[in-house]
Amino acid sequence: MYKTHNCGELRATHTDLKVTLAGWVHRRRDHGGVIFLDLRDRYGIIQVTVNPNASKETLEHVANVRMEWVLQVSGTVHKRPAGMENPKMATGEIEIIAESVEVLNSAKTLPFMVSGENDLPDENTRLKYRYLDLRRERMTRNLVLRHKVVKFMRDFLDKQGFIEIETPILFKATPEGARDYLVPSRLYPGQFYALPQSPQQLKQLLMVAGMDRYFQIARCFRDEDLRGDRQPEFTQLDLEMSFVQRDDVLALVEQLYTELIPTVTPHKKLLSSPWPRLSYRESVERFGTDKPDMRFGMELIDVSTIFAKSEFKVFQSALETGGMVKCIVAPGCAEYSRKEVDALTESAKTFGAKGLATLAVTGEGLKGTAAKFIKPEESEAVKSITGAKEGDLILFAADQRAVVNKVLGGLRLILRDKLNLANPNVMAFAWVVDFPMFEFNEGENRWDALHHPFTAPTGDLDGDPGQLRSRAYDLVMDGTELGGGSIRINTPEVQLKMLEILGMDLDAAQESFGFLLDALKYGAPPLGGIAFGLDRVVALMAGTDSIRDVIAFPKTASGADPMSGAPSPVGQRQLRELGLRLG
Ligand code: ASP
């Protein structure tokens, strides 16, 4: 037996117990003959004390020991002498007085310290030595948290009658709006499997098969430009249900998270229960986005009517060309310096604004770039509708509706971070519903499905596609889209119609989705489901910005794996076997 206990589990109640532990040397200190070794395993760290009167063999072994060597230590649990306790360590009341120390393995000097969060190298180096990076306590904790979240989800869904079913990784293109990863087939030269962007069609088929309630911790592959925090492969909690309406799916998910958060991360609080539900339109109008962060106010307020007769050119021209004027109020920012206002203006421009009009409500009256263009009755009306008080800064956007919402929605988040308006320990879940079914893709001159083409539409299918709504829903939290789903189409006629609006003729639809269209002819139940990015949920629960921190072996932000060197070239022979030639 290598060990009787884990390093992190011993406490003062174990005093006088003889134990054998195994782990890594976290730290080593020499105090005039007494050697202190902090021994670490996944469960924690404990101090091992090697006294000068230990056996000659033990002293010899310990003499060479360096950081991160692997040791087996036998000894007795002792209370630390009074005053020597370390309240920062869970095991800080005790130490192990070593009787024997065996070296199980040595270690080269590590490329970076694993014993803290300081002096970390760049992320590439951390990923190159990911097996060392994961030794760090924070990273270990993240993986344990991830496990707990997944276990909770599995248990919860099991109790609700769901069964976990695996679906293939080698499959056919599944349109979720991204590029597919392709895998060449050796047995069918010139033909390819596609890695699933999600199990969407397969889970629908499972409902046709009568499985009633399916879930999967599913790996999804999307060959997207890796902006922000995306990964080429990521994990979803994917589920699908038969004989359900939208509210059945929403209620289930709401219950799942409402129980998950206090169980796994008790220090996090849900902002509200039941969760608010906003229509897509309402969300965009109030928060400037369909992923609202509802932990704080600063809502977008339409002041177009107040400025209907404005003499301010910027407002006038926006209103005359069918646009609008909206504003947000930044609390306590009236004294912002020129430089700070300029920085906000620059940000507004990156969101599409031509400029930024501001009004500072100060003790000496109104200031700001718009002050001299706004009439007193207009500013009074703005103050009254927004509730702006002395000390506040009002930011205006005047443009077409979409631009105004985007600009103020973007500034709202910048101010959130600048002014610390959102409590990081509060989780504000919300549903966004009633999405448009399609959005027009100007570049390609065609309609795109806002969710995916299997989402059930509402409205006149033969009318203007722009007017169709979908039975889709998104779950958002703290300004992030955690997941989305919909009630699905369950007849071949409607499915074909949707594909047709998306620009597919019958042959193309048959070629890509023939199997699904066929299945819908054999008695598909009413069905709906949802999927969440698991990585994102765990990252938010772990309090980290990067999903890479909660994935054991992630790719870099540019899609590479510095540890294995993937992606990497392959030999001629392999290419020949696959019937491929590089251009
Ligand atoms: N397959 C969808 C997605 O990956 C989720 C769903 O509609 O259930 O976003």
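In listed order, ligands and their atoms are each counted from 1.
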Item to check | Numbering as shown, the atoms of ligand 1 that approach R222 to under 4.0 Å (heavy-atom distance) | outcome: 3 (C), 4 (O)
Next on the checklist: List ligand 1 atoms under 4.0 Å from I530, heavy atoms only on the residue side.
Outcome noted: 8 (O)
Checklist entry - Under 3.5 Å, is there a donor-acceptor pair linking the side chains of Y214 and Q216? => result yes
Item to check | Candidate pair E299 and F287, rule side-chain contact (heavy atoms from CB on, under 4.5 Å), full reasoning | outcome: CA-CA 6 Å; E299 295 191 16; F287 301 99; 3.7 Å; yes
Checklist entry - Where does Q201 meet ligand 1, judged by heavy-atom distances below 4.0 Å: at the side chain, the backbone, both, or neither? => result neither
Checklist entry - Of all the heavy atoms in H452, does at least one lie under 4.0 Å from an atom in ligand 1? => result yes
Checklist entry - Are K326 and F396 close enough, and set up right, to give a side-chain contact (heavy atoms from CB on, under 4.5 Å), and what steps lead you there? => result CA-CA 6 Å; K326 276 175 128 175; F396 294 92; over 6 Å; no
Checklist entry - Do any nitrogen or oxygen atoms of D238 come within less than 3.5 Å of a nitrogen or oxygen of ligand 1? => result no
Checklist entry - Considering only the protein, which heavy-atom contact is closest to atom 3 (C) of ligand 1, and what is its distance? => result E176 OE1, 3.5 Å
Next on the checklist: Within the 3.5 Å criterion, strictly below it, is a donor on N142 or D549 matched to an acceptor on the partner's side chain?
Outcome noted: no
Checklist entry - Is the distance between the ring centroids of F221 and F234 less than 6.0 Å? => result no
Checklist entry - Any nitrogen or oxygen of Q197, main chain or side chain, under 3.5 Å from a nitrogen or oxygen of ligand 1? => result no
Checklist entry - What atoms of ligand 1 come closer than 4.0 angstrom to any heavy atom of K203? => result 6 (C), 8 (O)
Item to check | Atoms in ligand 1 with a heavy atom of S198 nearer than 4.0 Å | outcome: 1 (N), 4 (O)
Checklist entry - Can Q197 and D180 be counted as having a side-chain donor-acceptor contact under 3.5 angstrom? => result yes
Checklist entry - If we ignore angles and hydrogens, is there a donor and acceptor under 3.5 Å between the side chains of R281 and S283? => result no
Next on the checklist: Only heavy atoms of R488, strictly under 4.0 Å: list the atoms of ligand 1 that pass.
Outcome noted: 6 (C), 7 (O), 8 (O)
Item to check | Part of A531 with heavy atoms under 4.0 Å of ligand 1, whether side chain, backbone, both or neither | outcome: both
Item to check | Closest approach of any protein heavy atom to atom 5 (C) of ligand 1, naming residue and atom | outcome: G484 O, 3.3 Å
Checklist entry - Is the NZ or CZ atom of R412 positioned over F296's six-membered ring, under 6.0 angstrom from the centre and within 45° of the axis? => result yes
Checklist entry - What is the closest protein heavy atom to atom 6 (C) of ligand 1, and at what distance does it sit? => result Q200 OE1, 3.1 Å
Next on the checklist: Donor-acceptor check, side chain of R213 to backbone of Q160, threshold 3.5 angstrom: yes or no?
Outcome noted: yes
Item to check | Structural part of Q236 in contact with ligand 1, heavy atom criterion under 4.0 angstrom | outcome: side chain
